[in-house]
Amino acid sequence: MNRAFAFTLGTLSAIGGFIDIGDLVADAQVGARFGLRLAWVSLFTVAGIMCFSEMAGRVALKTQRPALALARSRLGPRFGLFGLIGSLLVTALLVMAELAGVALAFQLATSVHYLLWVPVALALVLLVVWKLPFEVMERVYGLLGLAMLVFVVAVWQLDPDWSQLWSSATTPAPTGRETWATYLFFLVALVGAQMTPYEMFFFSSGAVDHRWRPKDIKVMRANVIVGFPLGGILAVAIQAVAFLVFFEAGVRVEHLSQTALPVAVALGKIGLVVAIVGIFAATFGATLETLFASSYDTAQYFGWSYGKVQPPARAARFTTVMLALLFAAAALALTTLDPITVTIVAVVCSASLLPFLFLPVLLVANDRELMGELANGRLSNAVGFATVTVSVIVAALAFPLLILTKGGTV
Amino acid sequence: MTEHVSVRMTLLDAQIVDRDRLPIGRVDDLELFFPPDGGPPQIARVLTGSQALGKRIGGVIGRWLTSMSARLRRPGSRAGPSTFDAGLIADTKPMVRLRVQADELEGIAGLERWLASRLVERLPGTGHADK
Amino acid sequence: MSRVARFAGAALTVVIAGAAIWYVSAPPKGSDGYRERMADATRTLRSQVQSARIWAATFAGGDATSAATLVGFEEAERDASSAASQFESYEPARRYLPLRSRFVALAADATGALADLRIAAELDAWGRVPEVAGRLDNLAASLERFERRARR
Amino acid sequence: MRISELLDAPVVDPAERQIGVVRDLRVTPRPRFQVTGLTIGQPGWLDRAAHAWGFAEGRAAAPWPLRKLTQRAARRARFAPVALIGSWGPERVVVTAGFTSLQPLDESS
């Protein structure tokens, strides 16, 4: 299997997965109000998602089965079903938000209302899912997503006072006019936005579909090391440009257009167009990734055949679940429900589900009899357990904070 | 004592694949057979499908799963959960692999075949179930 | 889990959910609640005015496409008018009437200016945008002053 | 009788005193899946998790905190070979020997 292709799985997982509508909104909102005072969260989320993706990848290499497939046989049907129903609800919200994100990107390019673009986005997804082979899709969205790097260039171009940025990044506390409740709420939102488990499943299911074996462990780890930190850097870049352009003016980000505005301020029309392409690739890649991941989850829970490698007719139930989720999400997007509010609610719900999805992987990866020499080492267990512990705390805080800060709008 | 293994770790909830590694479902329950001569019980049949799963989960969700899968059963096929003889199991590591192909199992993955024929094959470019 | 425990659990979650929804959507309570909501609404108005100003300045510098700028103007106008109308629907205590009428006047100026901006962009009369954007400059300053006054 | 009915069923000694619950079964995979005995744990969800998550079977050398959490349950698990099982009835299992005389699970692999 050509090594170059393998790398795009990593970049797609990072760009499409790490940077999706949740990031584009949450990072910009956080930057505009807190500067880089929450940038440290990205260090934790990148470490956590890298640790669990590598773990899920190892499980997939050794057992030729994605990590969550083992979760149910390890944690029993009831616990598994609870996690599955929770993640399907969150996924329906996420796919709706991602699809709306694609439509908002079109609106930004044409000023035609985004609701008119939702059916177009839906048709595009169907076309790509049906016609485009898996590898080509991976490469296209892996490369298009690189347009997101324009946010990093924009930080440079805005010629910031680097010491001010550094002091902001090293003060983990709210700014004068914000309360601790709001600060903690956005911390939970960032964890939910950046540590989306569907990347882990997409990554490990991709490893199964690519028929990777234990000997491919280097390629798998390279993907993890290349892909996810890139996503972390982009997240901080989005926060930085939002801070530099919006903080003094007291602007609160409530629309995707405001996420892209700082790039226009820094790099002009060209920068804005590239940013729109990057936003389109990120939200479109994430739509596919969220859709596949949730359909994988369902198929694996019941043990059905699945996978993009099987022709749809051989995985009828998997395909049906995917189509049902896609059309439900499109229908949701066509209601006048504000996609940005849905995104924030979706990332908070996703944050509250993290323990259910991380714990099984940690248990399975520690099963010596199953994993043999690929079982978890001390590092994986240390970072893995720390991530699970923090995700339990974040999960417990998620809904109280969502209510207390009225979704961060206080 | 010959080597014996835990049912929870090797069989229960394990993924079932057929001879060609096509996933079929999961071991949702197992049926014990008590030989008339009073000898030790054996695992005779494997139950798979949401009817058996629903009964095992119990509670509101369990009952919903059981009734939904019963309703989706293809007309004319036997009532009760889909099941096959445990003798068909070739090995259990890393997953339960059968000696036969999926098509040779009567009444298994009925929902898969029903959906494949009804829905998915009609859509363009989805290939055919038996390809 | 006995049936009673399960029923109690369900009842408890319903109560908590109800309380949460009430808390999120409840109108202001008492005097400080009213002033705080007025300050929050003013802050939102200022955010929309500033956002529109940045779009206008970026467009004037040739750094933003007309399509994106129009979207920026539309969103600013819509959010400003919804924030203003939502706050104006709250019943003020008698002693806050003068403060409220000042807010209503400021809100009308802001939403009016934002509407002119969006209309100019829609009619492709981009030439008039800088002139309207000028009105937004001092509006932003007076909104900021008013917010501080409301918060005291 | 189905395994799901047997799992978590109470286990009593000849004097009808409950000595635990059925948590697992042991079988010989070849030539046929013949049951060699029952794994007995104590009531409670933590004990159930210790068996379900594989700690009792020594299958999860997970990070020490999780191991510490389930160690007590894993150590208390007992194994009742088929010969000592009087009745398998789905309501309850009768074991013909006292709990203390049963072999700890980890020494019976």
Side-chain angles (χ1 to χ4, degrees), chain A residues 29 32-33 78 104-114 154 157 177-178 242 244-273 275-276 279 336 338 340-341 345 399-410, chain C residues 13 16-26 36-37 39-59 61-76 78-80 82-83 86 118 121-122 124 136-137 140-141 143-144 147-148 151:
Chain A
Q29 285 191 342
R33 290 173 66 177
R78 214 173 275 124
L104 286 167
F106 285 137
Q107 171 182 284
L108 210 48
T110 63
S111 80
V112 171
H113 198 275
Y114 86 95
Q157 190 63 24
R177 50 185 171 177
E178 302 287 357
L244 294 170
V245 172
F246 293 134
F247 185 76
E248 285 312 322
V251 173
R252 286 186 167 200
V253 169
E254 269 122 19
H255 300 284
L256 207 50
S257 59
Q258 291 168 312
T259 305
L261 178 51
V263 178
V265 171
L267 299 165
K269 282 194 184 122
I270 310 297
L272 180 59
V273 168
I276 293 174
I279 289 173
T336 54
D338 166 37
I340 303 304
T341 329
V345 171
F399 284 105
L401 282 172
L402 178 70
I403 302 300
L404 201 62
T405 62
K406 299 191 173 94
T409 53
V410 160
Chain C
T13 37
I16 292 176
I21 293 167
W22 173 78
Y23 174 81
V24 172
S25 53
E36 203 199 329
R37 289 287 178 89
D40 290 348
T42 314
R43 180 179 57 199
T44 307
L45 283 176
R46 178 167 175 259
S47 166
Q48 306 313 329
V49 164
Q50 294 283 52
S51 180
R53 269 180 74 205
I54 296 172
W55 276 112
T58 317
F59 179 81
D63 289 335
T65 60
S66 54
T69 309
L70 173 56
V71 169
F73 288 164
E74 280 164 354
E75 282 160 351
R78 197 177 338 109
D79 285 359
S82 78
Q86 193 194 2
R118 191 253 308 161
E122 262 169 2
D124 237 339
L136 293 179
D137 296 347
L143 281 169
E144 190 177 11
E147 184 196 348
R148 266 204 295 278
R151 285 227 192 275

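Fair warning: this is a prediction, and the values are worked out from it, not measured in the lab. Here is the naming used below: chain letters follow the sequence lines, and residue numbers restart at 1 for every chain.
- Residue Leu267(A) holds its CG atom at 9.0 Å from CG of Asp63(C), rounded to the nearest 0.5 Å.
- The part of Thr409(A) that comes within reach of chain C is its backbone (N, CA, C, O), which places non-hydrogen atoms under 4.5 angstrom from that chain.
- The most heavy-atom pairs under 4.5 Å with chain C, out of Gln107(A), His113(A), Arg252(A), Glu254(A), come from Arg252(A).
- Considering OG of Ser111(A) and CD of Glu74(C), their distance stands at 6.5 Å, rounded to 0.5 Å.
- With a threshold of 4.5 angstrom between heavy atoms, Val263(A) does not approach chain C through any atom at all.
- In this structure, no portion of Ala266(A) lies under 4.5 Å from any heavy atom of chain C.
- Heavy atoms of Leu272(A) lying under 4.5 Å from chain C belong exclusively to its side chain.
- Note on Ala57(C), Ala64(C), Gly61(C), Gly62(C): by heavy-atom pairs under 4.5 Å with chain A, the leading option is Ala64(C).
- In terms of heavy-atom pairs under 4.5 Å with chain A, the best-connected choice from Ile16(C), Ile21(C), Asp79(C) is Asp79(C).
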Derivation of the side-chain contact (heavy atoms from CB on, under 4.5 Å) call for His255(A) and Val71(C): CA-CA 10 Å; His255(A) 300 284; Val71(C) 169; over 6 Å; no
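- Only the side chain of Gln48(C) comes within contact range of chain A, with heavy atoms under 4.5 Å apart.
- Evaluation of the side-chain hydrogen bond (donor to acceptor under 3.5 Å, both in side chains) rule for Ser82(C) yields no partner, not counting sequence neighbours.
- The choice from Val49(C), Thr69(C), Ile54(C) that makes the most heavy-atom pairs within less than 4.5 Å of chain A is Ile54(C).
- Counting all heavy atoms, side chain and backbone alike, Gly250(A) lies closest to Ser47(C) at O-CB, 3.6 Å.
- Among all heavy-atom pairs drawn from Ala109(A) and Ala67(C), the shortest one is O-CB, 3.6 Å.
- With rounding to the nearest 0.5 Å, the separation of CD in Glu75(C) from CG in Leu108(A) is 8.0 Å.
- Your options are Ser66(C), Ala19(C), Gly72(C), Ala68(C), and the one with the most heavy-atom pairs under 4.5 Å with chain A is Ala68(C).
- With sequence neighbours left out, the ring-ring contact (aromatic ring centres under 6.0 Å, His included) criterion links Phe246(A) to no other residue.
- For Thr58(C), the part lying under 4.5 angstrom from a heavy atom of chain A is the side chain only.
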